[in-house]
Asker: 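Handing you a structure now.
Just so it is clear, the values below take in all heavy atoms, side chains as well, and ignore hydrogens, waters and symmetry mates.
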Amino acid sequence: MAKVAFFFIFIFSIRASCSLIECRTAAAVFVFGDSFFDPGNNNYIKTTTLDQANFWPYGVTYFKYPTGRFSDGRLISDFIAEYAKFPLMEPYLQSRNYNQVYYGANFASAGAGVLPETFRGAVIDLSTQLKYFKKEVNTARLIKKVGVFDSKTILSNAVYLFSIGTNDYISPFVLKNSSMLPSHQEYVAMVIGNLTQVVRAIYKKGGRRFGFLNLGDLGCLPGLRILKKSGGMFRRSFDLGKATQRGTPKLPLRNEEPLDGFQLYSI
């Protein structure tokens with residue numbers, strides 16, 4: 001029940017912003033993460049087709065053609081954009097009109113993780129997604145477009161939506177290099193530590209409202225269950241995901257002063 005309440009508070013926060021540029025019914029949404037949110041950024045990765053969904057039957061029920069989304073239709077981020085009365089969020093790497101910065105941008109990449117080592121070379125890792133974000137909201141460029149006051153308003157009113165971490169906890173087992181992992185506690189600390197750095201970097205740019213999609217029961221994913229002869233739950237990945245779930249609410253507080261105005265929503 002608490003998760004449902006958090007979700008509706010989060011959605012309302014997207015709908016309830018107003019800017020002096022024009023009175024808007026929604027805040028911008030900047031999206032980071034993996035296949036849960038990737039609208040097709042991986043289509044533009046030329047080194048491999050490992051994590052691409054640009055073939056049938058993807059997209060068959062809604063778009064009637066594959067868009068690069070790992071879905072037969074739309075993603076959670078698409079429905080959020082629709083609710084906010086935004087245009088469909090296209091991949092950031094697709095040629096875009098800079099006017100779209102009013103609505104946000106989607107940097108997500110299927111297969112991506114918090115750690116740069118996760119499926120390296122086949123995905124756009126979170127630190128690279130952060131670089132794209134910084135380029136998109138380059139202070140001088142944004143100020144030239146909307147002015148000093150409204151550039152700050154766009155970034156402070158925006159919602160920063162994340163779905164990340166799943167691939168950090170499945171790639172070592174899928175790629176069969178789990179023997180090189182540090183202890184569970186150390187590995188989870190690496191993931192949360194890197195994620196904290198990204199959140200703080202966005203905060204420094206003006207971000208205040210963050211939404212995180214909860215990790216599912218990773219040990220029950222079909223791709224991991226087949227690694228067990230019994231076909232049962234893959235316990236090691238499950239435990240890693242649960243440990244991160246417990247650590248995420250403390251993101252801005254890790255070994256540093258709390259962030260003034262920081263809001264975190266679990267969805």
Side-chain angles (χ1 to χ4, degrees), residues 10 29-45 47-54 58-59 66-81 89-94 104-133 159-175 187-188 190-199 202 210-224 234 237-238 240-245 247-248 251 265-267:
F10 171 71
V29 181
F30 292 97
V31 183
F32 303 81
D34 51 31
S35 58
F36 284 105
F37 291 159
D38 181 4
N41 280 308
N42 280 14
N43 291 346
Y44 300 90
I45 296 175
T47 55
T48 178
T49 59
L50 176 65
D51 280 300
Q52 294 182 352
N54 51 5
Y58 291 115
T67 63
R69 291 166 170 81
F70 275 80
S71 169
D72 63 340
R74 290 176 288 177
L75 305 173
I76 296 171
S77 48
D78 294 319
F79 288 105
I80 289 174
M89 295 192 79
E90 301 293 350
Y92 171 74
L93 294 181
Q94 182 175 303
N106 190 325
F107 310 101
S109 168
V114 175
L115 303 178
E117 296 82 8
T118 299
F119 294 125
R120 187 193 295 273
V123 302
I124 306 162
D125 63 78
L126 186 60
S127 63
T128 302
Q129 293 179 34
L130 176 64
K131 290 177 184 176
Y132 289 156
F133 166 73
V159 170
Y160 300 86
L161 182 61
F162 286 78
S163 169
I164 200 75
T166 296
N167 294 297
D168 296 297
Y169 298 137
I170 68 173
S171 63
F173 305 106
V174 172
L175 300 178
Y187 193 63
V188 169
M190 286 169 56
V191 171
I192 294 180
N194 278 264
L195 185 54
T196 299
Q197 291 177 14
V198 171
V199 169
I202 295 173
F210 295 79
F212 282 84
L213 188 66
N214 288 317
L215 298 181
D217 291 335
L218 305 184
C220 297
L221 293 173
L224 288 178
F234 199 86
S237 187
F238 174 85
L240 287 167
K242 287 299 180 185
T244 298
Q245 206 86 303
T248 300
L251 272 176
Y265 301 96
S266 174
I267 59 176

Asker: Does any non-hydrogen side-chain atom of F162 lie less than 4.5 Å from one of V198?
Answerer: yes
Asker: Quick check: does any side chain N or O of N214 sit under 3.5 Å from a backbone N or O of S266, one acting as donor and the other as acceptor?
Answerer: no
Asker: CZ of F210 to CG of L161: how many Å apart, nearest 0.5 Å?
Answerer: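 One finds 11.5 Å between CZ of F210 and CG of L161.
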Asker: Closest approach of A53 and P66, non-hydrogen atoms and distance?
Answerer: O-CB, 3.9 Å
Asker: Shortest non-hydrogen contact from T47 to G121?
Answerer: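 Result for this residue pair: OG1-O, 2.8 Å.
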Asker: Can you find a side-chain donor-acceptor pair between D125 and T128 that sits under 3.5 Å?
Answerer: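 Distance-only check passes for D125 and T128.
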Asker: Say you draw a straight line from CG of L130 to CD1 of I124; how long is it, rounded to the nearest 0.5 Å?
Answerer: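 Reported value, rounded in 0.5 Å steps: 13.5 Å.
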Asker: Any sub-3.5 Å donor-acceptor pair from N167's side-chain atoms to A112's backbone N or O?
Answerer: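 Pair found, side chain donor or acceptor close to backbone of A112.
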Asker: Side chains of Y160 and V199, heavy atoms from C-beta outward: is any pair under 4.5 Å?
Answerer: no
Asker: For the residue pair N41 and Y92, what are the closest heavy atoms and their distance?
Answerer: OD1-N, 2.9 Å
Asker: Calculate, to the nearest 0.5 Å, the distance between atoms OG1 and CG belonging to T166 and L215 respectively.
Answerer: 4.5 Å
Asker: Tell me whether the centres of the aromatic rings in Y169 and Y187 are closer together than 6.0 Å.
Answerer: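 Y169 vs Y187: aromatic centres under 6.0 Å.
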Asker: Could you give me the CA-CA distance, side-chain angles and deciding distance for D34 and F70, then say whether side-chain contact (heavy atoms from CB on, under 4.5 Å) is met?
Answerer: CA-CA 10 Å; D34 51 31; F70 275 80; over 6 Å; no
Asker: Within the side chain of Q52, is there an N or O that forms a donor-acceptor pair under 3.5 Å with the backbone of I45?
Answerer: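 Side chain of Q52 to backbone of I45: a pair is present.
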Asker: Indicate whether any N or O donor in one side chain lies under 3.5 Å from an N or O acceptor in the other, for S109 and N42.
Answerer: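 Present: a donor and an acceptor within the cut-off.
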Asker: Find the distance between CG (N43) and OG1 (T67) and round it off to the nearest 0.5 Å.
Answerer: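 Rounded to the nearest 0.5 Å, the CG-OG1 separation comes out at 7.5 Å.
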Asker: G104 and F30: which non-hydrogen atoms are nearest, and at how many Å?
Answerer: CA-CE2, 3.6 Å
Asker: Looking only at heavy atoms, which two atoms of F37 and S77 are closest? And how far apart?
Answerer: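 F37 and S77 have their closest heavy atoms at O-OG, 3.6 Å.
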Asker: List the steps, then state whether side-chain contact (heavy atoms from CB on, under 4.5 Å) holds for F32 with L126.
Answerer: CA-CA 7 Å; F32 303 81; L126 186 60; 4.0 Å; yes
Asker: Where do A122 and L50 come nearest, in terms of heavy atoms and distance?
Answerer: CB-CD2, 3.9 Å
Asker: Kindly compute the distance separating CZ (R69) from CG (D78), expressed to the nearest 0.5 Å.
Answerer: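 CG of D78 is found 4.0 Å from CZ of R69.
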Asker: To the closest 0.5 Å, what do you measure between OG1 (T49) and CG (N54)?
Answerer: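 It comes to 8.0 Å.
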Asker: Please check: side-chain N/O of N194 versus main-chain N/O of V114, any donor-acceptor pairing under 3.5 Å?
Answerer: no
